[in-house]
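Everything on this sheet refers to the single structure shown next.
Values below: every heavy atom of this structure, side chains too, minus hydrogens, waters and symmetry copies.
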Amino acid sequence: MQDVPLERLDAIAEVLIRDAGRLALAEGAGFGLGGMITLIPDMSLLTAITLRLIQRLCLLYGFETRGHDERVELWLAAAAAAGIDYGKDLAEKQMFEKLAPRIAKRLAVKLGEETAEKWVGRLIPLASSAIGGALNFSFVRGWGRRVQRNLREKHILSRASAASPLRRYSSSEPTFN
């Protein structure tokens with residue numbers, strides 16, 4: 001992914017975010033018809049859609065998500081997108097097993113804050129379909145864009161660090177025949 005132009009990656013990311021948003025819109029509208037009864041399945045699917053989008057964006061910008069270290073990157077990208085500061089924890093060199101529950105707990109709080117308004121709309125039966133769909137769409141789009149910005153910055157830094165050790169040829173340097 002280091003050789004693909006950044007503009008192309010950004011265009012693909014926009015399509016991924018748009019498609020995930022549309023899926024969340026349809027899912028929210030469908031489950032919204034059930035009102036408060038369908039709250040748990042809606043929340044579960046919304047979480048799955050959001051995490052799958054984050055995983056796809058990680059892969060798009062060249063960050064693998066299969067191994068232990070790569071899964072750490074996925075969680076850290078999600079935490080950074082939520083505005084969670086985990087720098088202090090990393091500076092203290094705590095093991096991931098201790099860090100992961102802290103990140104997950106902070107993420108859960110952040111997700112809860114952002115979705116609290118959504119569930120109020122579930123009290124109105126038919127309107128909850130439109131409200132649920134619109135809120136799911138904006139939720140996924142917002143998270144997708146935040147994660148994309150974070151991963152894009154990391155990708156640019158990764159490209160810069162990969163290119164810096166290479167010495168570029170300059171026409172002002174002497175040549176040997």
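- In this view, Leu6 and Leu9, Asp10, Tyr61, Arg152, His155, Ile156, Arg159 satisfy the side-chain contact (heavy atoms from CB on, under 4.5 Å) rule, not counting sequence neighbours.
- Under the 4.5 Å side-chain criterion, counting only non-hydrogen atoms from C-beta, Leu53 is not in contact with Ile49.
- Distance check, rounded to the nearest 0.5 Å: CD of Glu27 to OG of Ser44 gives 9.0 Å.
- Separating the CG atom in Leu57 from the CZ atom in Arg52 is a distance of 11.0 Å, to the nearest 0.5 Å.
- How far CD1 of Ile54 is from CG of Leu59: 12.5 Å, rounded to the nearest 0.5 Å.
- Looking only at atom types and distance, the side chain of Arg145 has no donor-acceptor partner in the side chain of Gln148 under 3.5 Å away.
- Contacts of Arg141 classified as salt bridge (Lys or Arg N to Asp or Glu O under 4.0 Å), with partners at least two apart in sequence or in another chain: none.
- With hydrogens and angles disregarded, a donor-acceptor distance shorter than 3.5 Å links the side chain of Ser138 to the backbone of Ala134.
- Considering only heavy atoms from C-beta on, Leu60 stays 4.5 Å or farther from Leu151 through its side chain.
- What you find for Val140 and Gly21 is that their closest heavy atoms are CG1-N, 3.8 Å.
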Worked verdict on Leu23 versus Asn136 for side-chain contact (heavy atoms from CB on, under 4.5 Å): CA-CA 9 Å; Leu23 181 60; Asn136 277 10; over 6 Å; no

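- Closest non-hydrogen pair, Ser129 versus Ala29, comes out as OG-O, 2.7 Å.
- Residues Lys154 and Asn150 form a side-chain contact, since some pair of their non-hydrogen atoms from C-beta on lies under 4.5 Å apart.
- Alongside Leu25, the hydrophobic cluster contains Phe137 (criterion: ILVMFWY side chains under 4.5 Å).
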